[in-house]
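For reference, the structure discussed in these notes is given below.
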Amino acid sequence: MKIGVRQRQGVTVLEPKGKITIGSGDIALRDSVIEALDSGSRKILINLKDVSTIDSSGIGELVAAYTTVTNRGGKLKLVGLPPKVSDILQITQLVTVFEVMESEEEAVDSF
Amino acid sequence: MKIGVRQRQGVTVLEPKGKITIGSGDIALRDSVIEALDSGSRKILINLKDVSTIDSSGIGELVAAYTTVTNRGGKLKLVGLPPKVSDILQITQLVTVFEVMESEEEAVDSF
Amino acid sequence: MSRPECQFHLALGSRFENIELVQVVLDESLRRLACDDDTRYWVGIAVREAVANAIKHGNHLDPGKKVEIDLRVEGEDLIISVLDEGNGFDPGRVADPLQPENLLKPDGRGIFYMGKFMDGVEYRFRDGGGTEVTLRKRITSGVAIPERNQEGER
Amino acid sequence: MSRPECQFHLALGSRFENIELVQVVLDESLRRLACDDDTRYWVGIAVREAVANAIKHGNHLDPGKKVEIDLRVEGEDLIISVLDEGNGFDPGRVADPLQPENLLKPDGRGIFYMGKFMDGVEYRFRDGGGTEVTLRKRITSGVAIPERNQEGER
Ligand SMILES: Nc1ncnc2c1ncn2[C@@H]1O[C@H](COP(=O)(O)OP(=O)(O)O)[C@@H](O)[C@H]1O
Ligand SMILES: Nc1ncnc2c1ncn2[C@@H]1O[C@H](COP(=O)(O)OP(=O)(O)O)[C@@H](O)[C@H]1O
């Protein structure tokens, strides 16, 4: 798993690619969120469009990221959910927790 | 494995695609050679360009095809050998047995 | 089928990377059983969860300890079992991840997902150690199942 | 390494289609061991030959009989063994496929290819039945071998 990081109108956009699964990608996601917070960002958007597989560990990392960002006074939103990622969030009723946006543009404007 | 069959200037060109390996493709190759012979063709060219893997059974089928065609007064030639198919023929000194042509055009003209 | 034929039995050391080995052989097997893309994907996730638990909670990431995965077809059911060398746990005491107080916990969703994606999840604890979880999935999709056709059951 | 860690152990019924299962898990394993494309390809062919022989000559295509494949790394060597339930044969009496009188035979090249693509091929015949062929390949390609690095051998 690789994570792209870019800035867009004051929002840090994280773009994980590939699998966010136990032992691969879960820790990398956590690190990149903490790095964004440490560098002062409080508006974080995770674009999941290139995520092929996510397991319970990956979901756990998204939840942990949400909590960490919120605790540090920031906002975390999600965008670009592939159908299967959306399904698995839905199943554990996490779509209500996360702010899931329709497009990156809309997401960036909404912060 | 799939085998394409076409005619080019009186030559039957067989074009196996994928794996010619035990239990898959080896028999299909044999059948298509016999079919070509039965339908009267005596000039048979096997274009191996789309063969990804060949094992000893596949090599055996090529040899059997050569023998069958020769015994029935025909000619069998090979063309389009991917490097690994060429290597495996070489290792068992079968490049000397088969007429291996450089291009399909040259091959068709040579019959 | 009196003697269900095992499709594969795979034994691996307890490393998370090995989950990818399970995934490739599982995917190839399900493909051969004519499972559609969605079924392959979700069964894949369920098995990943079971193997991850075996590696983590069962074998505590000791690479010398084995995880064994077994896939077979019984009647219309696909059966996958995952065995570790651990001391087991009480499945009755696993918290419900949908309870509001658990919703924001970073873990505790694996068994829940298995239950959602499979038609059955059963735990068995062997005397002397070893946890075996058996996942069951109905795979009558109306699509031909080559393995069974060969045995003339249809 | 006193206790070489087994990368995987795979047991399958004796069907030629199952060779693809071996191929996918082998390929994934070799990829992880940082083997280059060519090594992966030729080791793959050698293993296909060994498994095909186990299925055909060892187990006579009886799907109820098992073929077991084992992959491990010992020092710099990749070791793959293939076990069947058959009665064995005399490797000393296998004909040389390069002899002119054998050149046009449709079979008899499998063991020869194994020898060409691997650095060692050894047969062992178990009392009471079972042929085991062990294929050995040096894999010091100068490329990092993650498994060993983890154990601090470099
Ligand atoms: N194979 C196993 N061996 C021992 N304990 C297990 C095993 N599988 C699951 N458990 C226990 O059940 C709990 C819930 O598992 P799960 O729902 O997969 O969530 P998580 O793995 O994220 O904790 C684990 O925390 C663990 O205590
Ligand atoms: N696992 C095995 N069990 C019994 N006999 C075997 C086994 N492997 C090879 N043989 C014997 O060795 C011969 C040569 O094998 P091989 O070189 O692979 O060529 P082929 O399989 O095409 O005959 C086989 O014909 C068979 O008699």
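Treat the numbers as computed from the prediction; the structure is a model and nothing was measured. Reminder, nothing fancy here: chain letters follow the sequence lines and each chain counts from 1.
Proximity of D:Asp38 to B:Lys84: side-chain heavy atoms (C-beta onward) are separated by under 4.5 Å at one or more points. Between B:Val63 and D:Lys105, every side-chain heavy-atom pair lies at or beyond the 4.5 Å cut-off. Side-chain contact between D:Phe16 and B:Thr21 is absent, with no heavy-atom pair separated by less than 4.5 Å.
Looking only at heavy-atom pairs under 4.5 Å with chain D, the residue among B:Thr96, B:Ile91, B:Thr67 that has the most is B:Ile91. Note on B:Thr53, B:Ile22, B:Val97: by heavy-atom pairs under 4.5 Å with chain D, the leading option is B:Ile22.
Side-chain N or O atoms of B:Gln93 include none that pairs as donor or acceptor with a backbone N or O of D:Leu103 at under 3.5 Å. Side chain of D:Tyr113 to backbone of B:Ile88: a donor-acceptor contact under 3.5 angstrom is found.
Contact detail for D:Arg109 and B:Gly60: the closest heavy-atom pair is NH1-CA, 4.1 Å.
Taking CG from B:Asp87 and OH from D:Tyr41, the interatomic distance works out to 9.0 Å, rounded to the nearest 0.5 Å. Taken to the nearest 0.5 Å, the OG atom of B:Ser57 stands 10.0 Å off from the CZ atom of D:Arg48. Atom CG in D:Leu104 sits 7.5 Å away from atom CG in B:Leu94 (nearest 0.5 Å). A distance of 5.5 Å separates CD of D:Gln23 from NZ of B:Lys19, quoted to the nearest 0.5 Å.
For B:Gln7, the CD atom counts as densely surrounded, since its 6.0 Å shell holds more than 12 non-hydrogen atoms of other residues, nucleotides or ligands. The number of heavy-atom neighbours closer than 6.0 Å to NZ of B:Lys17, taken from other residues, nucleotides and ligands shown, is above 12. Within 6.0 Å of CG on D:Asp119 lie more than 12 heavy atoms contributed by other residues, nucleotides or ligands. Crowding of B:Glu106 atom CD: a count of heavy atoms from other residues, nucleotides or ligands under 6.0 Å exceeding 12.
Heavy-atom distances place the backbone of B:Ser52, and not its side chain, under 4.5 Å from chain D. If you measure heavy-atom distances from B:Thr92 to chain D, the contacts under 4.5 Å come from both the backbone and the side chain. Interface residue D:Ile19: only side-chain heavy atoms are found under 4.5 Å from chain B. D:Ile45 touches chain B through its side chain: at least one heavy atom from C-beta onward sits under 4.5 Å away, while N, CA, C and O do not.
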